[in-house]
Structures are given as C-alpha cells and as structure tokens.
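Only this structure's heavy atoms are used, side chains among them; waters, hydrogens and symmetry mates stay out. By convention in this document, chain letters (A, B, ...) are assigned in the order of the sequence lines, proteins followed by strands, and residues within each chain are numbered from 1.
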Amino acid sequence: MSSNPSASKEYNHKEIEGPVYQKWLDSGVFHHEPDDRGPEHRYCIMIPLPNVTGALHLGHALNHTCQDVMTRWNRMKGKTTLWMPGTDHAGIATQSVVERRLFELENKTRHDLGRAGLVERIWKWKDQYENRILSQMKLIGNSCDWDRTRFTLDEVCSRAVRHTFFAMFRDDLIYRGRRLVNWDTELQTAVADDEVYHETLKSHLWHIRYPLSDGSGHLVVATTRPETMLGDTAVAVHPEDERYKHLIGKTVDLPLTGRQIPVIGDPILVKQEFGSGCVKVTPGHDPNDYECGLRNNLEQINIMTPNGCVNENGGEYAGLVFDEARERVVKNLEALGLIESIEDYEHEVGHSDRSKSAIEPYLSEQWFARMGDVEGGVRCKGGTVVPGLAQAAIDTVKDGRIQFFPSRYANQYLDWLSEKRDWCISRQLWWGHRIPVWYCDGDVDEKVLQEAFKDRDDVVYKRDEWSGQWMFCIREGELPADSVPGQTLRQEEDVLDTWFSSALWPHSTLGWPDETADLKYFYPGSVLITTRDIITLWVARMVLTGLYNIGDIPFHHVYVHPKILDGEGQTMSKSKGNGADPAEIAEQYGADAMRFSIAYMTTESQDIRMPMAYACPHCGHLIPQMEKHRKLTRLACDKCKKEFQPSNPMVDVTGDLPLGIVSSEKFEVGWRLCNKLWQVSNGVVFRALADGEKGEAKPITSDDLNLGDRWILSRLHYCIENVNASLSVYRYAESTSYLYRFFWNEFCDWYVEMAKPQLRAEGERPRITRQILAYCLDSILRLLHPFIPFITEELWAHLNELAPQRGLENIAAQDGLLVSASWPEVDASLRDESLEADMEALQEITRAIRDVRAQVNAVRARAQESIMRSLPSVVVRAKQHVCDLVVKNKDMCMVLGPCDAIDAQSDAARPEASAARVIDGSTELYVPVGNLIDLDSEKKRLEGEVKKTEGFIKGTEAKLANEKFVSRAPDHVVQNERDKLEDLKQQREKLLQSIEELG
RNA sequence: GGGCGAGUAGCUCAGCUGGUUAGAGCGCCUGCCUUACAAGCAGGAAGUCGCAGGUUCGAGUCCUGUCUUGCCCACCA
C-alpha cells in the first residue's frame with residue numbers, strides 16, 4: 001500500500017486490493033451475530049451456490065456483484081447482515097466432469113475405481129475447485145461471512161437432507177415408482193427434464209405395415225423410431241375414425257416378434273389427420289405411449305439395457321446398440337415388404353445436458369417427491385396445512401409474500417409450478433446424498449418389524465407399492481444390516497438429485513433442523529439473487545421445502561438479473577468454454593473496475609453483450625474470442641503470428657506456451673471511474689486538506705455557503721435520494737448512472753474547478769471550501785463503496801488521516817473502516833431546485849463562451865472580459881452569483897475557458913470584434929475575440945441558428961393554433977408552450993440583430 | 001405450438017406512470033501536454049426511436065397488426 005498516495009500518479013489496483021481485503025478479514029466485519037433487534041434491522045442473502053464443477057466465470061461475477069452491492073449497502077445502513085457463501089456438490093455435473101477427466105488422463109472408467117474410489121477422486125476435485133472458487137470470490141471483493149461457509153455435502157447440510165427425506169417419506173410425500181424417465185445412456189442415470197435440451201435432427205418417418213391377425217389386411221403406422229416396435233404392445237386409432245373404428249378390439253401380428261397386439265381406440269394419443277391415423281404404442285419407450293398404456297392397461301415392455309442396447313426382450317436384436325437395431329429392423333421389414341414408404345422428417349430429439357448424448361425414455365424404478373395436492377392436505381412445520389407442496393409455493397407469490405423483480409419472472413415460476421409434476425429425486429450416480437432407505441429382500445411379517453422398531457420414532461417402514469418389498473428409512477445415521485431379525489438389509493444405491501439438497505440451502509445452512517439462533521434470526525432471507533434459468537429448478541423448490549420444513553418462505557424478494565452473453569450472443573458457461581475468469585479481468589482492470597462496469601451494464605430487460613478477446617502475451621494485440629477457439633490449447637496471434645495458449649477455465653494451463661488471458665474493453669468504464677476518483681482525491685482534495693489543519697472543521701451555516709457550495713450539496717442529496725430509490729428495486733445500472741453523473745460531471749467537472757480559486761482566497765473561505773470538499777468526498781466514498789469497495793476503502797483511510805473532523809452543521813470525527821461506516825442520509829433541506837436552475841444558467845453561459853472560443857480558435861487569445869446583456873432581473877442574479885464566482889476570480893480558468901470573465905449588464909453595448917451567443921430569449925453574450933473572428937463563418941453560424949429557431953417557432957405556433965390542444969391539454973402544458981414561443985421569438989430577434997451588427 | 005424479452009446515434013445500451021428541442025458511454029471530428037487526471041480536458045457532428053395502422057390536443061412511451069431477433073416452456077407418432 002502506498003504510504004504517500006499523492007506520489008502515485010495513476011491508480012494501481014494491484015497495490016491496493018489484496019491488503020484492503022485482508023483488512024476487512026482482520027476486522028471481522030463480514031461476520032455478524034444475531035442480536036435482539038427486530039426484523040427490519042436484518043439483512044440476509046443466501047448465495048446461489050456455485051457448482052464445484054469448475055472455476056467461476058463472469059456470469060458469477062455479475063451475480064456476486066449484485067449480491068455484494070446489496071450486502072454492503074445494507075451493512076452500511078446499519079443492519080445486521082449475513083451473506084452466506086458456499087458451494088454445491090452438483091451431482092451429475094461434477095461426477096461427469098471427473099469421469100471424463102479420468103478417462104482422458106488414465107483411460108479408466110468409474111467401474112475401474114469402484115464407488116468408494118470414484119467418490120474419493122471427486123472429493124479431491126471438489127477440494128481443489130472449492131478453494132479456487134472461494135479465492136475467486138475473495139478476489140472480486142465479496143463480503144461473505146466466510147466463517148459460515150457451507151458445502152451441500154457437509155455434515156450440517158447432509159443432516160438437513162436426512163431429516164427432510166425422513167419427514168417426507170413418513171408423510172407419504174416421497175414414494176418409489178416405476179416410471180418412464182429421461183435416461184442418459186452414457187452416464188447411465190436418469191436426468192431431470194430440465195437437464196434435457198432439444199435439438200432438431202433430420203430423420204425419417206417410416207410407414208410400416210402391421211398385418212391384421214385375421215388376415216383381412218394391414219394397418220400402416222408411422223414412426224420415427226422403428227426399432228422400438230420390438231416393444232410395441234398395441235396399435236392405437238382414433239375411436240371416431242371411420243376408417244379404423246371397426247378394427248378396435250382386433251389384433252395385429254407385430255412383425256419381427258411373433259407377438260399379437262391389440263388395436264385400441266385412444267382419442268388422446270391419436271390425431272386422425274397425422275400420418276396414417278394409426279399409432280404404434282410403445283409404453284416402455286415413449287412418454288405419450290406410456291400415458292396411453294396406463295389409460296388402456298397395456299403391458300409395458302422394456303427393450304433397452306441401461307447402456308442403450310437392445311435387451312433380451314428384443315429377441316434376435318438383443319445386444320445391438322439402438323442405432324444398429326434400427327438399421328437391422330428396417331432392413332428386415334423391407335425384406336418382408338412391410339415398409340410402405342419412408343419420408344424425410346425433421347423432429348426434436350432430447351439430449352442430455354451433461355453427456356450431450358441422445359436421451360432415451362426409459363422405464364425404471366425411481367424415487368419421486370409428490371408435488372400435487374393430496375387428500376387431507378400437507379401438514380407443514382408450525383401446523384399450517386396446505387393443499388400440496390406446489391400449491392403452497394404458488395400461493396406465496398400470488399398473495400405477494402414473495403415478490404419478483406422484474407415482476408414478469410413470476411409467470412415463469414407460476415406456470416411451471418402449476419403443472420404440479422412430481423419431482424424425480426433419484427439419480428443413478430455415486431456422487432451425492434445416498435438415499436437413506438434400506439430394503440429387505442425377504443418377506444417379513446409386520447409384527448416382526450413392530451417388535452424390532454418399537455419405541456423408535458426415527459425409523460419409518462412401509463411396503464414398496466411396486467415390488468411389495470419392505471423399505472426402511474432412518475432419520476439419522478445408518479440402519480445396521482441386521483436390524484430385522486433373520487434378514488439382511490441393503491441400502492438403496494441411488495443418490496438424491498442435487499436440487500434436493502440445494503432446495504434446503506436457505507435453512508440447512510442456518511443449522512436446521514436444530515432451532516439455532518441463526519435460524520431464528522436470519523430466516524427468512526431478504527432476497528434471492530439469481531438468473532432466470534433456475535427459477536423453476538431451484539427457486540420454486542426452496543420455497544416449497546422452506547414452507548414444509550420451517551413453515552415460512554425462504555426470502556421476500558427474488559431478483560432475476562440479466563445474463564452475460566459473449567460476442568456471438570451466447571450465454572457464458574463453464575462447459576462451453578466461452579467464459580472469462582473474473583480473476584483475469586480483475587488482474588487487468590481491478591476488481592472494482594470490473595464490479596462497477598458490471599453494475600453499470602446490469603439493466604432490467606437486456607442481457608449483457610460482452611465480446612471477449614484474448615490478449616496476446618507477446619504483442620498485446622486483442623484477438624476476438626470465437627466459438628472456434630474454445631477448448632484450443634494453442635492459438636496464433638493475428639498480428640505477431642506467435643502462438644499462445646488461450647485462457648479457459650475448463651482447460652488446464654499446459655505451461656509450454658505463455659497464456660493469453662481474456663479481456664474486454666467493456667471494463668474500461670469502471671477503470672476510468674476508479675482512476676478519476678483516485679486522481680481527484682489525491683490530486684485535489686487531499687492536497688487541499690493537507691494545507692489545512694487537522695480538526696479545523698467548524699459548523700457551517702447557510703450564510704457560509706456560496707452558489708457552488710449550495711449547488712453541489714443539493715446535487716449530492718439528489719444523488720443519494722436516487723441511489724436509494726434505484727437500489728431498493730434492484731436497478732443497478734440506474735444507481736451507477738446517478739453516481740457516475742454526480743461524481744464526474746458535477747463534482748469533478750464543476751465543483752472542483754470552482755473550488756480551486758477559492759482555496760487561495762482570503763479569510764474563512766478556504767476552510768469552508770476544504771470542509772465541503774471533504775464532506776463531498778466523504779459522501780462519494782460511502783456511496784460508491786458498495787460498487788467499488790477496495791479503492792474507496794483505501795481513500796477513506798487517507799481522508800480520515802487528513803480530515804478526521806467532517807460535516808456541515810454537525811461535525812463528527814470519522815475513523816475506522818468504510819465498510820462499516822454509515823450510509824449517507826438524505827437531507828431534504830439541502831435540496832434547492834431554483835438554485836440548481838441558476839447554476840444551470842451559469843453553466844450555459846460558460847459553455848457558450850467556451851464554444852465561441854473553440855469555434856474561433858481563440859484559446860490562446862488574451863484574457864478579456866466577456867459581456868453579458870440580459871434583463872435587469874437576470875443581471876441581478878448573474879451579478880450575485882457569477883460575479884462572486886467569476887468576476888472576482890479572474891484566474892478561474894477552467895470554468896470560463898482561458899482567463900475569461902463576464903461583466904453582466906442589462907444595457908451593455910456590444911464590444912468590437914466580438915462573437916455573439918444567444919443563451920435564451922432574454923440573455924445574450926458577447927465574447928471579444930479580436931481579429932480572430934471570421935465574419936463570414938460567424939454570420940453563417942448565426943443564420944443557421946435563426947433557421948433552427950424558426951423551425952421550433954413554427955412547430956410551437958402550430959401547436960398553439962390547434963384549438964383542441966389549447967382547450968384540452970392541461971393549463972400548465974399550454975402555458976409552457978406559450979412561454980416557449982415567446983422566448984423563441986426573442987431569441988430570433990437577438991440572433992437577427994447580431995447578424996445585423998456583424999454588418 | 002405456447003410464453004417472455006429486444007429492435008432508439010457508427011457500436012453497446014438508458015429513456016419507469018404519454019407532455020420543453022430524445023440521452024449516456026464508446027467511437028468519430030476540432031482544439032488543448034491547462035499545476036488531479038492526454039486512460040485527461042474543452043467544444044462539436046451525428047437519430048424520420050424496425051415497419052404500418054389506431055387511440056389522444058399530444059406517442060420512443062398506450063393499443064392492433066407486421067417484420068427481424070433472442071430466450072424459456074411443450075409429449076406430438
């Protein structure tokens with residue numbers, strides 16, 4: 001850390017960020033304990049737990065910035081604050097990453113290692129990436145309570161999972177069932193609907209003849225999956241289809257199998273107009289057919305092995321991969337003359353998000369959580385009875401207990417929940433919470449069980465509807481294999497869906513099922529901040545488990561932020577390899593710059609387009625990151641042609657080539673802001689303060705304040721008000737715009753420039769100016785802190801050193817860290833809109849003078865007085881302010897251009913060789929420019945102004961000539977137009993006069 | 001097939017309940033190494049608000065249609 005900040009010219013985040021973060025950690029300010037204050041003094045955010053599949057990318061940086069801004073803001077507002085950090089074991093995602101890696105590096109599969117061996121490998125991976133993730137989070141400035149860091153497989157979270165499973169099993173909200181699921185044949189597990197994406201594939205529609213058993217002809221069925229005919233158990237027609245309805249009840253000979261299957265009528269499955277109007281029904285391999293099978297009591301034949309081959313039910317086709325089976329089936333059917341036709345066809349095929357392989361609908365035994373309404377309702381913790389878990393979650397949003405920002409996302413939540421589809425919670429994986437159910441393979445009399453488990457309220461047992469087997473669930477710990485006399489129990493092999501444990505995150509992390517002080521105090525949380533794609537998967541499930549386990553919602557607000565897209569419009573993701581490591585951005589621009597830029601771009605309706613580029617480590621040239629670069633380990637620079645390794649969170653650094661890190665000019669906004677803040681603080685404010693004495697601050701009364709002081713204070717409090725308003729509804733871009741404008745365009749561009757000469761004035765003036773500079777910078781640092789915490793904290797320390805006593809009317813000593821300083825309060829008495837209008841007029845005049853001098857290229861011209869001619873009232877006003885600030889301080893260069901000044905008079909004569917500017921209808925300005933004036937171009941310019949003014953006059957006159965406008969528009973709108981017209985006319989007069997005076 | 005967004009300056013985007021001459025950042029042009037900042041300062045140019053209708057005294061803003069585009073959801077053989 002530089003001990004002498006003014007010596008450092010440019011802001012260097014690398015010297016600041018690490019030490020500042022350490023200061024925060026040392027101070028323990030991120031950790032708050034429950035206290036006895038009311039709920040209005042609490043603020044709690046649960047992080048959307050990152051998967052331990054890999055390192056964080058920019059999307060996380062956005063998500064975390066949003067949360068950290070809220071956390072820091074509320075901490076400064078004096079709330080007892082908790083931002084809970086942690087990571088997710090991410091079952092299928094992590095296991096598949098580790099398995100893939102195992103195969104790539106060691107050519108081994110999970111079966112080579114066995115369950116324990118693989119899980120051990122995954123734990124190692126988890127440790128590595130959890131560390132990396134947590135250190136990335138620290139690097140970008142997250143003010144999480146690290147003491148409370150959780151992982152979904154740790155003791156505390158696991159216990160919550162067990163208790164929840166146990167209760168739901170007991171309450172019959174969890175059941176085992178044989179269902180058609182999305183089967184990933186590569187990973188050999190069921191995957192959730194949400195883990196399936198659809199791809200449009202070119203295929204064919206095969207029309208196949210199924211001969212009627214009685215020899216009276218055949219039916220033609222159309223299918224995209226001819227191989228599944230091996231599992232057909234019926235042919236369906238529409239019961240009102242004149243062509244076929246008489247055939248219902250007959251049978252057909254299913255080709256290639258020798259089986260006879262019935263012709264059935266099913267109005268739901270069959271649309272008469274599609275294909276031939278006949279549908280082959282394969283309940284074991286198609287979701288629609290499955291439903292149809294249930295309706296018609298059809299046999300379900302499974303013809304697939306878990307790895308996607310035809311099983312023994314496929315007769316001679318057994319052992320073939322499905323694709324091969326299809327070819328063989330079609331060939332054999334052709335040989336039998338049973339193919340009527342083959343047409344080209346495009347359709348959507350589900351693919352596994354994880355393995356990218358085609359999903360097979362597969363009949364298997366799975367565990368489900370009941371989402372629909374149940375008879376008698378569901379009894380939640382606390383005694384409330386709800387119709388069903390999904391309905392309970394729906395109600396929280398419908399009745400406003402939970403509010404979405406932006407509100408449109410509530411629809412996504414409600415639409416999904418309203419389907420009330422049971423949730424398949426089992427996965428055939430090894431990485432995760434193993435389902436705490438034990439089976440008893442032999443048959444046992446219930447009395448034996450009653451005896452074995454008497455006085456045990458932590459064991460529940462029931463018969464599996466499907467197999468009739470006894471199933472036992474124990475709340476905690478293991479159920480010994482010999483718990484039932486004469487039997488050997490074996491535990492379920494499956495693990496729980498990842499979302500089962502993350503659904504409990506808001507309360508499991510706080511110690512539930514124990515009624516800990518944390519749980520009582522911090523639950524429910526304040527807001528959940530996430531992206532739209534896990535509204536259903538995660539948000540909805542946290543709500544329903546929260547209601548069931550706690551009897552209360554998990555959070556009051558859900559803020560859904562935009563997503564970061566790459567240069568090609570694709571969302572960033574670890575697996576795509578198109579992301580950027582926030583650490584690399586922070587390395588180049590600083591974490592503050594990254595955070596500010598992100599917040600600046602986080603608007604309500606648009607995703608953030610962020611083209612990334614690799615910075616060539618040899619020549620610095622930027623090479624746009626494109627799809628074709630993903631997963632490359634070497635890339636040649638477009639410019640210097642030398643090779644480097646493009647950085648990618650998912651690809652290891654090989655080390656034989658220098659690394660080209662990712663970059664984006666989008667972060668320059670933030671960098672410039674930080675640098676500007678550094679410069680103005682060190683170069684102006686701190687220097688000025690160093691001239692004063694410590695503790696010189698005295699109460700300032702309104703008599704002490706001049707126009708500039710009042711103006712900047714008024715603008716400051718306007719800014720505070722608007723930052724509060726926009727942050728309270730999660731409008732990050734809006735709040736940063738207010739801050740940017742105030743700090744840069746108002747404080748730096750105007751106030752600081754006005755302050756400079758005053759610092760050299762006589763008497764009390766310098767002290768007052770210093771005091772206001774200190775007060776403004778104090779507020780600016782506080783206001784910017786949630787967005788750019790490092791640099792503001794650093795500057796705060798210097799400000800405290802140089803001006804420990806700060807304030808206006810009330811002087812207070814400031815010390816300690818900014819992170820726990822108080823948030824500025826709006827002081828409405830400092831707002832003065834008419835004064836702001838005066839200042840605007842002054843700025844207008846100043847700009848006019850600058851413009852003249854820029855136009856005539858008179859920058860080096862000697863200082864001369866400009867003349868302002870205006871109405872007496874305006875002149876009085878101008879004299880009061882302008883003369884104070886300008887005329888008496890002729891060296892106030894920056895406000896008026898080089899060494900200018902203004903003399904304001906109501907009847908001033910136009911000086912010789914001057915350029916004219918019309919400010920408004922009553923005010924004009926003459927700027928002497930000597931022989932530099934170009935009469936022709938000046939005249940041309942003025943004529944252009946006249947033309948423009950006349951255009952406005954015409955428009956305004958037309959408006960006022962419209963009788964309907966005059967009679968129907970509100971009075972003040974009409975009056976405005978009249979005033980405007982009057983003013984415009986006077987402007988025209990003045991312009992014409994100026995032209996005339998030019999000769 | 002259903003739902004939700006987006007189309008405003010060369011680029012990326014603001015513009016909330018309709019009301020002065022539609023804004024910002026970047027880029028561009030002109031001039032400045034001005035004792036905080038040239039990664040800066042001062043000034044400037046630049047838009048028929050996708051298109052067509054409608055409502056209204058008044059539309060970037062509301063309504064209808066339409067085109068383009070992105071995302072989410074959905075079981076169509």
Side-chain angles (χ1 to χ4, degrees), chain A residues 6 9-11 193-194 198 205-206 221-225 236 268-271 274-282 286-291 345 347-348 350 361 406 408-409 411-412 415-416 419 532-533 535-536 562-563 565 569 571 600-601 603-611 665-666 668-669 671-672 675-687 729 731 733-734 737 740-741 745 748-749 752-753 756 846-847 850-855 857-860 893-894 897-898 948-949 951-952 955-956 959 962-970 972-974 976-977 979-980 983-984:
Chain A
S6 54
K9 204 166 154 46
E10 194 171 271
Y11 176 56
D193 291 345
D194 322 86
H198 293 268
L205 198 56
W206 285 270
V221 299
T223 181
T224 53
R225 305 284 317 264
I268 299 172
L269 181 71
V270 182
K271 296 223 166 36
F274 188 91
S276 60
C278 299
V279 185
K280 65 192 267 303
V281 184
T282 324
D286 181 280
N288 293 312
D289 295 2
Y290 176 78
E291 294 295 329
Y345 193 70
H347 66 146
E348 300 270 297
R408 65 189 137 94
Y409 287 111
N411 295 331
Q412 199 173 318
D415 289 350
W416 186 79
E419 289 184 29
R532 55 181 175 262
D533 39 30
I535 289 173
T536 54
K563 302 184 71 166
L565 308 180
T571 59
Y600 192 75
M601 292 184 286
T603 58
E604 289 232 295
S605 53
Q606 296 265 84
D607 282 338
I608 299 171
R609 192 62 88 92
M610 179 122 31
E665 57 182 21
K666 289 274 178 181
E668 284 171 12
V669 186
W671 193 92
R672 282 198 313 275
N675 192 47
K676 185 84 172 173
L677 179 62
W678 187 255
Q679 299 286 357
V680 77
S681 301
N682 287 305
V684 181
V685 183
F686 294 161
R687 276 191 202 180
V729 289
R731 293 184 179 226
E734 196 174 274
S737 309
Y740 189 97
R741 174 185 291 270
N745 303 121
C748 292
D749 289 352
V752 165
E753 296 307 330
K756 283 176 188 169
T846 309
R847 265 191 285 271
R850 288 168 176 169
D851 182 29
V852 169
R853 301 186 74 94
Q855 294 287 327
N857 207 351
V859 176
R860 289 198 182 80
C893 307
M894 296 309 292
K948 211 163 131 189
T949 311
F952 294 138
T956 314
K959 219 172 190 180
N962 183 344
E963 212 174 297
K964 282 181 178 169
F965 171 71
V966 178
S967 59
R968 296 195 195 178
H972 72 274
V973 173
V974 177
N976 257 353
E977 289 300 310
D979 294 348
K980 192 173 91 188
D983 195 81
L984 284 166

Start with the C-alpha gap between F965(A) and E977(A), add the side-chain angles, then the distance that decides, and say whether side chain to side chain contact (heavy atoms under 4.5 Å, CB included) holds. CA-CA 11 Å; F965(A) 171 71; E977(A) 289 300 310; 3.7 Å; yes

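Residue-level contact check: N976(A) touches neither bases nor backbone, having no heavy atom under 4.0 Å from any strand. Across all strands, E963(A) comes closer than 4.0 Å to no nucleic acid atom at all (heavy-atom distances). Contacts of P611(A) with the nucleic acid, taken as non-hydrogen atoms under 4.0 Å apart, are absent. Residue A733(A) is classed as having no contact, given no heavy-atom separation below 4.0 Å to the nucleic acid.
Rounded to a whole Å, the CD atom of E604(A) is 11 Å from the C1' atom of A14(B). Between the P atom of C11(B) and the CZ atom of R609(A) lies a distance of 12 Å, rounded to the nearest Å. Rounding to whole angstrom units, CZ of residue F965(A) and P of G18(B) are separated by 16 Å. Rounded to an integer number of Å, the gap from E753(A) CD to A36(B) P is 8 Å. Summarising the geometry, the separation between CG on N682(A) and P on C37(B) is reported as 12 Å, rounded to the nearest angstrom. Between N962(A) atom CG and G58(B) atom P there is a gap of 7 Å when expressed in whole angstrom units.
Between the P atoms of G70(B) and C13(B), the separation comes to 14 Å (whole Å). The separation of A22(B) from C67(B), taken at their C1' atoms, amounts to 25 Å, rounded to a whole angstrom. For the C1' atom pair drawn from U56(B) and C63(B), the interatomic distance equals 12 Å after rounding to whole Å. Between U12(B) and A52(B), the two C1' atoms lie 28 Å apart (nearest whole Å). The gap from the P atom of G54(B) to that of G2(B) amounts to 28 Å, rounded to the nearest Å. Rounded to a whole angstrom, the distance from the C1' atom of U34(B) to that of G58(B) is 48 Å. Distance noted for atom P between G65(B) and G25(B): 38 Å (whole Å). When the P atom is compared between G18(B) and G27(B), the two are found 36 Å apart, to the nearest whole Å.
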Heavy-atom contacts, protein to nucleotides 22-29 of chain B, under 4.0 Å, summarised as B (base), S (sugar-phosphate only) or - (none) per nt, yield --SSS---

Sugar-phosphate or base contact per nucleotide [nucleotides 70-77 of chain B; S, B, -; heavy atom under 4.0 Å]: -SS-BBBB

Can you check nucleotides 66-69 of chain B for protein contacts, nitrogen or oxygen pairs under 3.5 Å, and list what you find?
none

Listed pairs, N/O of protein and of nucleotides 47-49 of chain B, under 3.5 Å:
none

Pairwise N/O distances under 3.5 Å, protein to nucleotides 3-6 of chain B:
{"residue": "G5(B)", "atom": "O2'", "partner": "S605(A)", "partner atom": "O", "Å": "3.1"}
{"residue": "A6(B)", "atom": "O2'", "partner": "Q606(A)", "partner atom": "OE1", "Å": "3.2"}

Pairing annotation in dot-bracket form, given for RNA chain B with Watson-Crick or G-U pairs under 3.5 Å and | for cross-strand partners: (((((((..((((.....[...)))).(((((.......))))).....(((((..]....))))))))))))....

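You'll find the side chain of M601(A) reaches within 4.5 Å of the side chain of M610(A), heavy atoms only. At a threshold of 4.5 Å between non-hydrogen side-chain atoms, the residues I608(A) and L565(A) do not count as touching. In this structure the side chain of R408(A) reaches within 4.5 angstrom of the side chain of S605(A), judged on heavy atoms. Within the 4.5 Å cutoff, side-chain heavy atoms of R532(A) are placed close to those of Y409(A). Using a 4.5 Å heavy-atom threshold, the side chains of N675(A) and W671(A) count as touching. Between T223(A) and L205(A), the closest side-chain pair of non-hydrogen atoms is not below 4.5 Å. Annotation: side chain of V221(A) is not in contact with side chain of V279(A) (no heavy-atom distance under 4.5 Å).
Using a 4.0 Å cut-off between charged side-chain N and carboxylate O, R741(A) and D749(A) make no salt bridge.
The local environment of CD in E665(A) is sparse, with at most 12 non-hydrogen atoms from other residues, nucleotides or ligands closer than 6.0 Å. For E419(A), the CD atom counts as densely surrounded, since its 6.0 Å shell holds more than 12 non-hydrogen atoms of other residues, nucleotides or ligands.
With sequence neighbours excluded, the residues forming a side chain to side chain donor-acceptor pair (under 3.5 Å) with K280(A) are T228(A), D232(A), T282(A), listed by chain and number. Shown here are the side-chain contact (heavy atoms from CB on, under 4.5 Å) partners of Q606(A), two or more places apart in sequence or in another chain: T603(A). For T536(A), the side-chain contact (heavy atoms from CB on, under 4.5 Å) test picks out D194(A), W416(A), with sequence neighbours left out. Remark: N288(A) pairs with no residue by the side chain to side chain donor-acceptor pair (under 3.5 Å) rule, at least two apart or across chains. The side chain to side chain donor-acceptor pair (under 3.5 Å) test applied to R225(A) returns E227(A), E360(A), not counting sequence neighbours. For K563(A), the side chain to side chain donor-acceptor pair (under 3.5 Å) partners two or more places apart in sequence, or in a different chain, are D533(A).
Of the candidate nucleotides G15(B), C37(B), C13(B), G15(B) has the atom lying nearest to any side-chain atom of R731(A).
Residue order along RNA chain B, read from the 5' end via each residue's closest nucleotide, puts S737(A) first among S737(A) and V684(A). Nearest-nucleotide assignment on RNA chain B puts the 5′-proximal partner with I608(A), out of I608(A) and L984(A).
Considering every non-hydrogen atom in both C748(A) and V752(A), the closest pair reads O-CB, 3.6 Å.
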